[in-house]
Asker: 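Below is a structure I'd like to ask you about.
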Amino acid sequence: MHYLAIKGKQKLSGSVTISGAKNAALPLLTLSLLSKNPITIDNVPEVADVKTLLQLLSNLGASSTCKDNVVKIDSTTVNSTCANYDIVRKMRASILTLGPLLTRFGHCEVSLPGGCAIGQRPIDLHLKALEQMGADIEIAQGYVIAKAPKGLKGATIIFDKVTVTGSENIIMAAALAHGKTTLVNVAKEPEVVQVCEILANAGVNIEGIGTSKLIIEGSGGKLLDIKDFTVIPDRIEAGTYLCAGAITKSKITLKKVNPKHLEAVILKLEQMGFKIDEKEDSLTLHPAEKILPSDIETSEYPGFPTDLQAQFMALCTQAKGTSIIDERLFENRFMHVSELLRMGAGIKLKGHSATVEGKAKLNAADVMATDLRASSALILAALVAEGTTRIHRIYHLDRGYENLEGKFSALGAHIERLEE
Ligand code: UD1
């Protein structure tokens, strides 16, 4: 196993190119299941989650190549409908095969993902929506066994909660269903919007793209003419590097970003005293003389993303004053707190709220990564800690950050990947 050794107190400078969004690439790869032709997808991040999904699709009978962030995938040859436990347990997003497999083949067997470090994460809303579209669903031996022998039927579905992968699953299912599906309270995340745009480009009639109500006219079971496309930039990776510049009081530039996807994040950084120059596809962060505390509440897009909550908590440890961070989406997404405390942070937890007292003098320590985004908070803390921090279990980071050490080293950080 590898760990990261980071020597703190180094200023960063220069620029970093942001990769394609992992959370867009995953549904877009499963979207290939709806295609009648092979497709070429550009700007796919080479991260562990993408490799896991390509492995799952290959187990189902798809073939793909992946080189220089370009994935060529042919899912026309898929002949199995079973997403088995061995793969699903590695990555919850495997559930994104459920909608496409069911709508294409009329049946599928997808292992239930189970809980994870950040909370229970049920998939009841995915299942309820598919049932409303006529699917017969049974849970047996840890698997979702879904059947719709005559295909899924259009329906009106109101999501009780906004769910990102739930919305994506049902949008993909609706694209091949018989008749019209109306979806209310759909997630508006840019990753969901890109799924809709690729479908619209393939000729699917979708009204309301980018809003919380979609009307989708299904193809009646016919596979789609999906065109080649490029994955949108990763707004969470971008937000993480913005925090890295901010916490080290450095001027850094992000290239190949979409600033429009980062409005809530940019606003928060500006309120904390940072100046940010925006261009069409780049952002430059200027250091703040004094970092101001902040009140942050995570919510669905376009609100402040839960996937950046941990990174902003690390940043708040360096603000002068008290910050309050409310986590509204996941019940257990504070796993980074105990590790930040071990580095000297002043954080108190009460329910879904964290009170962060700054400015704390952080010291290097051995710390443990617990989930993907929690781990990036530890990198940020390590960048300003006195001494060399060792971050263990970094396979969590490899799930979602492409070329992490390469990018941080290029910015001037002292970071090394070493063998335990
Ligand atoms: C996606 C993202 C993840 C991000 C999250 C919220 C991917 C691959 N992952 O996860 O990085 O943190 O959105 O922005 O895109 N819920 C239910 N029942 C369901 C589904 C969800 O109760 O059937 C609840 C969840 O427990 C959670 C909330 O709804 O409290 C939002 O979850 P959801 O948007 O579904 O998260 P994911 O799609 O799993």
Side-chain angles (χ1 to χ4, degrees), residues 20-31 44-45 47-50 52-53 56 88 90-99 110 112-132 137 139 144 146 157-173 183 185-195 212 231-232 234-240 261 264-265 297-312 326-336 352 371-377 396-397 399-401:
K22 166 185 89 76
N23 283 357
L26 298 175
L28 294 170
L29 285 168
T30 64
L31 188 64
V44 179
V47 294
D49 273 8
V50 164
T52 304
L53 187 57
L56 168 54
V88 178
K90 280 195 202 159
M91 185 184 66
R92 292 184 49 83
S94 309
I95 197 65
L96 283 164
T97 53
L98 178 65
V110 177
L112 274 172
C116 76
I118 63 172
Q120 253 191 0
R121 301 184 80 176
I123 55 156
D124 55 313
L125 302 174
H126 305 227
L127 303 184
K128 193 171 146 200
L130 291 172
E131 279 175 338
Q132 284 176 274
I137 292 182
I139 307 289
V144 177
I157 292 155
I158 302 174
F159 288 100
D160 294 335
K161 265 191 194 175
V162 176
T163 158
V164 175
T165 49
S167 299
E168 291 161 348
N169 241 336
I170 305 309
I171 290 166
M172 292 191 277
L183 301 176
N185 203 22
V186 181
K188 292 182 287 193
E189 269 68 3
E191 296 77 17
V192 180
V193 172
Q194 187 169 28
V195 169
S212 59
V231 176
I232 57 170
D234 195 315
R235 62 197 168 95
I236 305 303
E237 188 198 26
T240 305
H261 295 167
V265 175
E297 188 174 315
T298 63
S299 73
E300 295 85 10
Y301 188 84
F304 187 90
T306 170
D307 284 354
L308 284 171
Q309 178 257 106
Q311 297 88 320
F312 269 73
D326 268 317
E327 173 54 57
R328 294 275 162 186
L329 267 74
F330 294 110
E331 68 266 29
N332 196 22
R333 208 171 202 182
F334 281 136
M335 307 281 281
H336 42 288
H352 51 68
D371 77 56
L372 171 56
R373 306 305 172 184
S375 331
S376 44
H396 288 292
L397 282 162
R399 284 188 40 218
Y401 287 95

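The figures that follow rest on heavy atoms only: side chains count, while hydrogens, waters and symmetry mates do not. By convention here, the first residue in the shown sequence is residue 1. Atoms within each ligand, like the ligands themselves, are counted from 1 in listed order.
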Asker: So is there a nitrogen or oxygen of Leu26 less than 3.5 Å from a nitrogen or oxygen in ligand 1?
Answerer: no

Asker: Arg333 near ligand 1, heavy-atom distance under 4.0 Å?
Answerer: yes

Asker: Heavy-atom contacts with Val162 under 4.0 Å: which atoms of ligand 1 show up? List them by number with element.
Answerer: 31 (C), 34 (O)

Asker: Decide yes or no for Asn169 and Ile123: does some side-chain heavy atom of the first lie under 4.5 Å from some side-chain heavy atom of the second?
Answerer: no

Asker: Do Tyr401 and Asp234 come close enough that some side-chain heavy atom pair is under 4.5 Å?
Answerer: no

Asker: Do any nitrogen or oxygen atoms of Asp124 lie less than 3.5 angstrom from nitrogen or oxygen atoms of ligand 1?
Answerer: yes

Asker: Using a strict 4.0 Å cut-off to heavy atoms of Thr306, name the atoms of ligand 1 that fall inside it.
Answerer: 6 (C), 12 (O), 14 (O)

Asker: Mind checking whether Thr163 has an N or O less than 3.5 Å away from an N or O of ligand 1?
Answerer: yes

Asker: Hey, looking at atom 21 (C) of ligand 1, which of Ala24, Gly166, Pro122 has the closest heavy atom?
Answerer: Pro122

Asker: Heavy-atom contacts with Lys161 under 4.0 Å: which atoms of ligand 1 show up? List them by number with element.
Answerer: 22 (O), 24 (C), 29 (O)

Asker: So if I count the atoms of ligand 1 from 1 in the order they appear, which ones are less than 4.0 Å from some heavy atom of His126?
Answerer: 23 (O)

Asker: Return a yes/no value for Glu168: is any of its N or O atoms, backbone included, closer than 3.5 angstrom to an N or O of ligand 1?
Answerer: no

